[in-house]
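Heads up, the thing below is written out as structure tokens.
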Amino acid sequence: MTAVPQTWDVQADVVVVGFGAAGACAALEAASTGCDVVVLDRFGGGGATALSGGVVYAGGGTSQQCDAGVRDSPEAMERYLSLEVGDAVSPATLREFCRGSPAMLTWLERHGVPFEGSLCPDKTSYPTNRHYLYYSGSEPSEAGVAPPAPRGHRVRGRGTSGRLLFARLARAVARSGSQVLTQTTARRLITDAGGGVVGVECRTLRGGPGAPVGPGGLGGPGGPRAPAWARVAHRVLHRWSARPYLYAPKLGRVMHRPVAWLERRHGRPLLIGARRGVVLAAGGFVANRQMMREHAPACRGGLPLATPGDDGSGIRLGAEAGGATAFLDRVSVWRFLSPPPALLGGVLVDRDGRRVCDESRYGAAIGEAIMARPQAQAWLLADRATIAEARRQLRQGTLWFQRVQALCLLTVGRVSAPTVAGVAARAGVDPAGLAATLAAYNVAADRGGPVGRSEDPAGKPAELVRAQDRPPYSLIDCSIRPRLAYPAPVLTLGGLMVAEGTGQVRRADGTTVPGLYAAGRSAVGLCSRSYVSGLSLADCVFSGRRAGRHAATAVPVPSAGRGTPVTSS
Ligand SMILES: Cc1cc2nc3c(=O)[nH]c(=O)nc-3n(C[C@H](O)[C@H](O)[C@H](O)COP(=O)(O)OP(=O)(O)OC[C@H]3O[C@@H](n4cnc5c(N)ncnc54)[C@H](O)[C@@H]3O)c2cc1C
């Protein structure tokens, strides 16, 4: 922490650190009250949000659900989500989220984010460009608890639609009059004598102390700033390394090294004062190898669902100001079996041949079940008919990244043999355990049962239980770190503890840090115990709006106004 300076380079009512979904929503809500808002981002903004699938979990009767003829209620949504959310947030907050869910989507639409009520007929990890509403969690498997309803609302845009989600939010932020400082990294929070947060110490490539704020942005004509080539190189190299970082993290890390070097070499100090509050919305910590080693050692080696900006700095800044953290050991590990949907008829077993779980559950639930097994290893047993159908399905109903993953599983990740004992020996699975598990499964398949009433020992919906009895048999390596196929993607879920009514950062003793708020993956939120597709972005919108709204209406911190700001936004 740094002493309160006599002058600020920039001053605003609300300062938002991080320009992803949570930061954008915080800025929009704060600006809507008439406040001065400054949003800063280490890169160009977008973060993991812009790389994401753009699926927002919503229900309780959204207009898209109504268009698709889907019946849903806030109560059914709340009952299902309470299984996933657990104690991450209080029942009152979960209720507020579910009741406000249709209005939340309307708010996003008002800011230009498009959705559509076209219902996907298959259980899939991500619908293709023809469908934008789907079962994005384990709702059908929990039909006994709550009437299932599709609640994955994918932003209507081709490919992975997170890019469009962020583009529309960014456009709305620009229109709101908020000032966005790109290539600006928050390094420390500035607190007053009472521990209240009054500003942020940054390093920026855009300008330095004394740089005027003008139409050209911070560091306009005459202001000291990094050379143009350094700013361009920083922007381009970060953008180029973002995709490789997702699929080949080692390569992405190497490509990103010059970006960090440019920041060290050309970054200039910048002090930003916050009259009412600072919102930390700087993402999670997958990219921080030390934090991963400390909090989630079993997940190291997974594919990061993140950008190199998810280095835990938002969480660190809050913790240094006295904030407490929780759920840092909760990491979502994804292992999707569908598409192709035929694989949902297979049987997932561990090294001892024991059944792992209902294969039709959501990919993160399957990932969690595999993590609990010896060495986080699992294989999917599938017979000739299942493999043939899966291959046929690959040609349709998949996007390119799903095809790559499925092809990987069906080729390098698969061994086969004419007998169950033979295939078990090839994969290193206990043959007796596998034979017993398969026999119990095939008996359940033969007995059939009305739709929804399952005889399956793992409780898989009856319509997905298919006898696996036609040789040759295959075992597909679904381990978290398979020997040859692709590793499982991982996403951190925990962060700073916040007061649920306001989003204000909480200390361990339950009091709050004045002037400091947190949102999105920098904070504990709805998805901190367990993630289903769309729940992280939904939480970013919910928690970002909450933090922005409360920061904007907070009583100004007296010491934040001290000194003479050199420039004012
Ligand atoms: C491939 C992929 C697919 C996904 N699909 C979905 C999905 O469909 N639905 C869903 O709910 N979730 C999905 N997720 C997860 C989801 O995208 C993220 O959890 C969510 O976007 C986090 O949003 P955020 O606003 O908290 O952080 P981010 O969007 O990561 O934004 C944080 C920003 O803070 C900036 N920043 C970091 N540190 C600093 C600092 N010190 N100073 C200044 N700026 C800083 C970063 O540059 C970044 O721009 C997916 C993730 C990936 C990678």
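Atoms within each ligand, like the ligands themselves, are counted from 1 in listed order.
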Options S313, S52, S125, A306, ranked by nearest heavy atom to atom 38 (N) of ligand 1, top entry
S313
Starting from atom 9 (N) of ligand 1, what is the nearest protein heavy atom, named by residue and atom, and what distance separates them?
V55 O, 2.9 Å
Give a yes or no on this: more than 12 heavy atoms of other residues, nucleotides or ligands lie within 6.0 Å of atom CH2 of W261.
yes
Can you find an N/O atom of D41 closer than 3.5 Å to an N/O atom of ligand 1?
yes
Tell me: protein heavy atom nearest atom 28 (P) of ligand 1, and distance?
A48 N, 3.6 Å
Residues E201, R187: salt bridge by 4.0 Å N-O rule
no
Is there a donor-acceptor pair under 3.5 Å between the side chain of S332 and the backbone N or O of L491?
no
Option with minimal heavy-atom separation from atom 27 (O) of ligand 1, where the choices are G54, G283, A26:
G283
Check: S32 side chain, E29 main-chain N or O, donor-acceptor pair, under 3.5 Å:
yes
Charged N to carboxylate O below 4.0 Å: is that the case for R275 and D36?
yes
Nearest non-hydrogen protein atom to atom 43 (C) of ligand 1, with distance, is R42 N, 3.3 Å
Tell me which protein heavy atom sits closest to atom 18 (C) of ligand 1, plus the residue, atom name and distance to 0.1 Å.
S536 OG, 3.6 Å
Among non-hydrogen protein atoms, atom 36 (N) of ligand 1 lies closest to A282 CB, 3.9 Å
Honestly, for V17 the part within reach of ligand 1 (heavy atoms, under 4.0 Å) is side chain
For atom 11 (O) of ligand 1, what is the nearest protein heavy atom, given as residue, atom name and distance?
L537 N, 2.7 Å
Can you check which of G525, C540, G520 brings a heavy atom nearest to atom 23 (O) of ligand 1?
C540
T184 and R206: side-chain donor and acceptor closer than 3.5 Å?
no
What are the atoms of ligand 1, with element, lying closer than 4.0 Å to any heavy atom of L535?
11 (O)
Between C202 and ligand 1, find which residue part has any heavy-atom pair under 4.0 Å and reply side chain, backbone, both or neither.
neither
Heavy-atom distances under 4.0 Å decide this one: backbone, side chain, both or neither, for S522 against ligand 1?
neither
Min heavy-atom dist T184 to ligand 1 below 4.0 Å:
yes
Below 3.5 angstrom, do we get any N/O pair linking A21 and ligand 1?
yes
Hey, is Y531 touching ligand 1 through its side chain, its backbone, both or neither, going by heavy atoms under 4.0 Å?
side chain
Does F19 approach ligand 1 within less than 4.0 angstrom via side chain, backbone, both or neither, non-hydrogen atoms only?
backbone
Provide the number and element of each atom of ligand 1 under 4.0 Å from a heavy atom of G534.
9 (N), 10 (C), 11 (O)
Quick check: does any side chain N or O of E500 sit under 3.5 Å from a backbone N or O of V89, one acting as donor and the other as acceptor?
no
Where is the nearest protein heavy atom to atom 5 (N) of ligand 1: which residue, which atom, and how far?
G53 N, 3.0 Å
Backbone of V155 reached by a side-chain donor or acceptor of S161 within 3.5 Å
yes
Report yes if the side chains of C540 and R521 come closer than 4.5 Å at any heavy-atom pair, otherwise no.
yes
Heavy atoms only, cut-off 4.0 Å: how does A22 contact ligand 1, side chain, backbone, both, or neither?
both
Judged by modelled atom types alone, do S536 and Y531 share a side-chain donor-acceptor pair under 3.5 Å?
no
Considering only non-hydrogen protein atoms, determine which one is nearest to atom 21 (O) of ligand 1 and report residue, atom name and distance to 0.1 Å.
T49 OG1, 2.8 Å
Side chain, backbone, both or neither: which part of L491 comes within less than 4.0 Å of ligand 1 when only heavy atoms are counted?
side chain
Can you check whether V85's main-chain N or O pairs, donor with acceptor, with S530's side chain at less than 3.5 Å?
no
Lys/Arg N to Asp/Glu carboxylate O, R130 vs E116, below 4.0 Å:
no
Within a distance under 4.0 Å of any heavy atom of G20, pick out the atoms of ligand 1 and give their elements.
25 (O), 29 (O), 31 (O)
So, the side chain of S241 versus the backbone of H238: is there a donor-acceptor pair under 3.5 Å, distance only?
yes
When you measure from the side chain of D41 to the backbone N and O of F19, does any donor-acceptor pair fall under 3.5 Å?
yes
Using a 3.5 Å cut-off on N or O atoms only, is G47 in polar contact with ligand 1?
yes
